[in-house]
Participant: 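Questions regarding the structure given below will be posed in turn.
Only a predicted model underlies this, so the values are computations on that prediction, with no experimental measurement involved.
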Amino acid sequence: MPAPSRTAHSSAVSGHAPRPVAPGHAHEQAVCPRCGGRVCQPGHVGHAGQTNQANRAGRVPESGAGDLAGLLRRGLSGPMRYLRAAPLPHATGGVSALIGAGLTRVALEALAEEALSMGLLLFMPASGWFGLALLCGADGLSRYREYLRVRRMLTRWGFATRLLRPLASSRCQRDAAMQAAREAGCADMTRAYYRQLGYRWYHLLPDRVVANPLAFLDTRFLRATFLPGKR
């Protein structure tokens, strides 16, 4: 007489009928599409580092295109932050460099046609535009350093008018302060504070230059512009 099966014995003890098993699914196991192994065991990891729990949840590992896009975003975040800290000097410097390059090309063409006087006359304004581009680049670098300093202080101390008031007299400095405030989480309060002082987007020139156009030649103004924090 054959011995009773374990399933029948357990069902007799528990008082419940055994659960029917669909044919062909009693010993079916999932197969990893990458390594070809069984993934029914807990903690199985395929070649892509995906566990069987992730397989059951239906999650798909990130593709190479997504990783590349994230890498590009991280790589561009630094240059974009540098440009946003001083948009006006960078824009002015870029336009000045383009004008200087255009004048230089015309001057070289004039020299190639043996128009010496015309070529020399065109080289003079071209050098001036290139000089302006260099000054704008130096101004942008100074504003970036100022942005880093203000962001560090705003992150540590929070919104404080005593930190923002020294930067209110120049549009370039206000842009650097606004970028620092955005990253520190107090952009709205900083914008409202500058509006309360009466500054708007069309106030481009520094207050000292508006009051005295010769302030560009003042050593104190140049030191405050190109050496932030060294006043």
Side-chain angles (χ1 to χ4, degrees), residues 73-108 119-156 160-184 186-187 190-191 193-194 197-231:
R73 284 194 299 269
R74 290 191 296 270
L76 292 176
S77 61
M80 292 302 297
R81 191 179 298 113
Y82 179 77
L83 294 177
R84 290 171 182 168
L88 187 60
H90 293 313
T92 306
V95 173
S96 302
L98 289 177
I99 296 176
L103 291 175
T104 302
R105 180 178 178 180
V106 176
L108 292 176
L120 294 178
L121 288 176
L122 289 174
F123 269 125
M124 294 176 62
S127 60
W129 284 108
F130 280 127
L132 179 58
L134 290 177
L135 287 177
C136 292
D139 189 18
L141 180 60
S142 301
R143 300 290 74 75
Y144 180 72
R145 292 173 52 195
E146 202 160 38
Y147 142 77
L148 293 177
R149 180 174 61 87
V150 175
R151 184 188 66 176
R152 183 170 59 251
M153 291 188 295
L154 290 177
T155 302
R156 181 176 181 181
T161 57
R162 61 183 178 84
L163 301 177
L164 301 173
R165 185 63 183 89
L167 307 177
S169 60
S170 170
R171 167 64 188 271
C172 300
Q173 291 177 318
R174 291 196 300 273
D175 288 339
M178 281 300 307
Q179 180 62 24
R182 291 189 195 98
E183 299 186 12
C186 54
T190 303
R191 186 180 297 105
Y193 173 68
Y194 283 143
L197 293 179
Y199 293 104
R200 300 296 185 268
W201 64 270
Y202 48 82
H203 293 143
L204 303 180
L205 296 177
D207 293 346
R208 294 183 61 182
V209 175
V210 173
N212 180 19
L214 298 179
F216 280 116
L217 304 178
D218 190 356
T219 56
R220 292 176 296 178
F221 174 79
L222 295 177
R223 179 175 299 180
T225 301
F226 296 104
L227 296 175
K230 303 294 183 181
R231 303 173 186 177

Participant: Look up atom OH in Y144 and atom CG in D139, then write down how far apart they are to the nearest 0.5 Å.
Facilitator: 15.5 Å
Participant: Considering all heavy atoms of both residues, which atom of L154 and which atom of C186 are nearest to each other, and what is their separation?
Facilitator: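 Heavy atoms of L154 and C186 come nearest at CD1-SG, 4.2 Å.
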Participant: Would you name the heavy atoms of R165 and L197 that are closest together and state the gap between them?
Facilitator: CD-CD1, 4.0 Å
Participant: Side-chain contact, heavy-atom cut-off 4.5 Å: W129 with V95?
Facilitator: no
Participant: Could you tell me whether the side chain of T155 reaches within less than 4.5 Å of the side chain of R151, counting heavy atoms only?
Facilitator: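 They are in contact (side-chain heavy atoms under 4.5 Å apart), so the answer is yes.
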Participant: Heavy atoms only: give me the nearest G119-A107 pair and the separation to one decimal.
Facilitator: O-CB, 3.6 Å
Participant: Considering non-hydrogen atoms only, spot the tightest contact between L108 and F123 and give its length.
Facilitator: CD2-CZ, 3.7 Å
Participant: Between CG of L214 and CZ of R208, what distance do you get to the nearest 0.5 Å?
Facilitator: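 The CG atom of L214 sits 12.0 Å away from the CZ atom of R208.
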Participant: Could you tell me the separation between the CG atom of L205 and the SG atom of C172, rounded to the nearest 0.5 Å?
Facilitator: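 So the CG of L205 and the SG of C172 are separated by 9.5 Å.
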Participant: Minimum heavy-atom separation for P89 to G140, with atom names?
Facilitator: CB-N, 3.9 Å
Participant: Using a cut-off of 6.0 Å, state whether more than 12 heavy atoms not belonging to R156 lie near its atom CZ.
Facilitator: no
Participant: List the atom of A126, the atom of T104, and the distance in Å for their closest heavy-atom pair.
Facilitator: CB-OG1, 3.5 Å
Participant: With rounding to the nearest 0.5 angstrom, report the OG1 to CZ distance, T190 to R182.
Facilitator: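 The distance works out to 9.5 Å.
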Participant: Does some side-chain heavy atom of E183 sit less than 4.5 Å from a side-chain heavy atom of R84?
Facilitator: no
Participant: Can you measure from CG (L103) to CE (M124) and round to the nearest 0.5 angstrom?
Facilitator: 12.5 Å
Participant: Name all residues meeting the side chain to side chain contact (heavy atoms under 4.5 Å, CB included) criterion together with L204; count only those two or more places apart in sequence or in a different chain, and write none if there are none.
Facilitator: L88, R171
Participant: Find the distance between CG (L164) and CE (M178) and round it off to the nearest 0.5 Å.
Facilitator: 9.5 Å
Participant: Parallel, tilted or perpendicular: which fits the ring planes of Y199 and H203, with parallel below 30° and perpendicular above 60°?
Facilitator: perpendicular
Participant: Looking at A168, is its backbone amide N or carbonyl O close enough to the side chain of R174 to form a donor-acceptor pair, meaning the two atoms are under 3.5 Å apart?
Facilitator: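 Side chain of R174 to backbone of A168: a pair is present.
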Participant: Can you check whether Y194 reaches L167 side chain to side chain, under 4.5 Å on heavy atoms?
Facilitator: yes
